[in-house]
Amino acid sequence: MAVGILEVLLVSAKGLEDTDFLGGMDPYVRIQYKGQERKSSVARGIAHGAGGGSSSSWNERFTFKVEYPGSGDDYKLILKIMDKDTFSADDFVGQATIYVEDLLAIGAENGNAELHPGKYSVVQADLSYCGEIQVGVTFTRKVEDEEEYGGWKESSF
């Protein structure tokens, strides 16, 4: 079993549909891998209104501890794009899914593997297209420390 770090580079998004009737969109991303979740800052960028609007930029990195092969076979990153609202619950904008099993398999064998930043479709709950998000992913295998089990050591008695 390979243990390592999955690093996600959240670059930008564009073409996101604005969920706010008045004012601009303030998007952020919740990134999930198995039971782990990370949250980006609220994007600032090319504005369509007061907030980040339909084109947003983050340039943030997030790390996840990964075991491959691990429990289950659900090797995917889920990126949920949300719109931050001040006076009501945050709105779901859409989500993108990145399947990373092949990346983990290559990284487990070679020590590391990378998906250069690429564009992934963002879809709403009904699977209709609502924009794109640019993300890069890297897996780096952790070098296992060799441990000694048992054995006799000479004492100085």
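On a predicted model such as this, the values are computed, not experimentally measured, just so you know.
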A.B. asks: List the atom pairs, donor and acceptor, that lie under 3.5 Å between side-chain atoms in residues 30-39 and the rest of the protein, sequence neighbours left out.
C.D. replies:
unit_1: Q32; atom_1: NE2; unit_2: E37; atom_2: OE1; d: 2.6
unit_1: K34; atom_1: NZ; unit_2: S71; atom_2: O; d: 2.7
unit_1: Q36; atom_1: OE1; unit_2: R38; atom_2: NH2; d: 3.4
unit_1: Q36; atom_1: OE1; unit_2: K65; atom_2: N; d: 3.1
unit_1: Q36; atom_1: NE2; unit_2: K65; atom_2: O; d: 2.7
unit_1: R38; atom_1: NE; unit_2: T63; atom_2: O; d: 2.9
unit_1: R38; atom_1: NH2; unit_2: T63; atom_2: O; d: 3.0

A.B. asks: Where do L6 and T138 land on the side chain to side chain contact (heavy atoms under 4.5 Å, CB included) test, with the steps shown first?
C.D. replies: CA-CA 6 Å; L6 189 68; T138 305; over 6 Å; no
A.B. asks: Taking a hydrophobic cluster as the set of Ile, Leu, Val, Met, Phe, Trp and Tyr residues connected by side-chain heavy atoms closer than 4.5 Å, whether directly or through intermediates, do V122 and Y120 fall within one such cluster?
C.D. replies: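 Cluster IDs for V122 and Y120 match.
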A.B. asks: How long is the span from the CD1 atom in I81 to the SG atom in C130, to the nearest 0.5 Å?
C.D. replies: 7.0 Å
A.B. asks: Can you give me the closest heavy-atom contact between V93 and M82, atom names plus distance?
C.D. replies: CG2-C, 3.9 Å
A.B. asks: Tell me, do S12 and I133 make a side-chain contact under 4.5 Å, heavy atoms counted?
C.D. replies: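 Side chain of S12 against side chain of I133, heavy atoms only: no contact under 4.5 Å found.
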A.B. asks: Rounded at 0.5 Å granularity, tell me how far CZ in F139 sits from CG in N112.
C.D. replies: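 Between atom CZ of F139 and atom CG of N112 there are 9.5 Å.
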A.B. asks: Any idea which heavy atoms bring S56 and P27 closest together, and the distance?
C.D. replies: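 Heavy atoms of S56 and P27 come nearest at OG-CG, 3.1 Å.
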A.B. asks: Rounded to the nearest 0.5 Å, how far does NZ of K84 lie from CG of D90?
C.D. replies: 4.5 Å
A.B. asks: Heavy atoms, side chains only, cut-off 4.5 Å: are V8 and F64 in contact?
C.D. replies: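 Yes - at least one pair of side-chain heavy atoms lies under 4.5 Å apart.
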A.B. asks: Under 4.5 Å between any side-chain heavy atoms of V66 and I5, yes or no?
C.D. replies: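 They are not in side-chain contact.
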A.B. asks: Roughly how far apart are N59 CG and L10 CG, rounded to 0.5 Å?
C.D. replies: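 Rounded to the nearest 0.5 Å, the CG-CG separation comes to 8.0 Å.
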A.B. asks: Applying a strict under-4.5 Å side-chain criterion to I, L, V, M, F, W and Y, I'd like to know whether Y28 and I78 cluster together.
C.D. replies: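 No, Y28 and I78 fall in different hydrophobic clusters.
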A.B. asks: Please test K142 against T140 for side chain to side chain contact (heavy atoms under 4.5 Å, CB included), starting from the C-alpha separation and ending with a verdict.
C.D. replies: CA-CA 6 Å; K142 181 181 174 191; T140 305; over 6 Å; no
A.B. asks: For D26 and D83, work out which heavy atoms get closest and say how close.
C.D. replies: N-OD1, 2.8 Å
A.B. asks: Examine distances only and state if a side-chain atom of D85 and a backbone atom of F87 form a donor-acceptor pair shorter than 3.5 Å.
C.D. replies: no
A.B. asks: Tell me, do V29 and V135 make a side-chain contact under 4.5 Å, heavy atoms counted?
C.D. replies: no
A.B. asks: Hey, do the aromatic rings of Y75 and Y68 have their centres closer than 6.0 Å?
C.D. replies: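 Ring centres of Y68 and Y75 closer than 6.0 Å.
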A.B. asks: Ignoring hydrogens and geometry beyond distance, is a side-chain donor-acceptor pair present between S41 and E60 at under 3.5 Å?
C.D. replies: yes
A.B. asks: What are the two closest heavy atoms between W58 and S40, and how far apart are they?
C.D. replies: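 For W58 and S40, the tightest heavy-atom pair comes out as NE1-OG, 3.4 Å.
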A.B. asks: Contact between Q134 and K14 at the side-chain level, heavy atoms closer than 4.5 Å - yes or no?
C.D. replies: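 No; the side chains remain at least 4.5 Å from each other.
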A.B. asks: Side chains of residues 94-108: which donor-acceptor pairs under 3.5 Å do they make with residues two or more places apart or in other chains?
C.D. replies:
none

A.B. asks: In Å and rounded to the nearest 0.5 Å, what is the CZ to CD distance from R61 to E7?
C.D. replies: 4.5 Å
A.B. asks: In the single-linkage hydrophobic clustering (I, L, V, M, F, W, Y; side-chain heavy atoms under 4.5 Å), do L115 and L9 co-cluster?
C.D. replies: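 No; tracing contacts between hydrophobic side chains, which count when under 4.5 Å, never links both residues.
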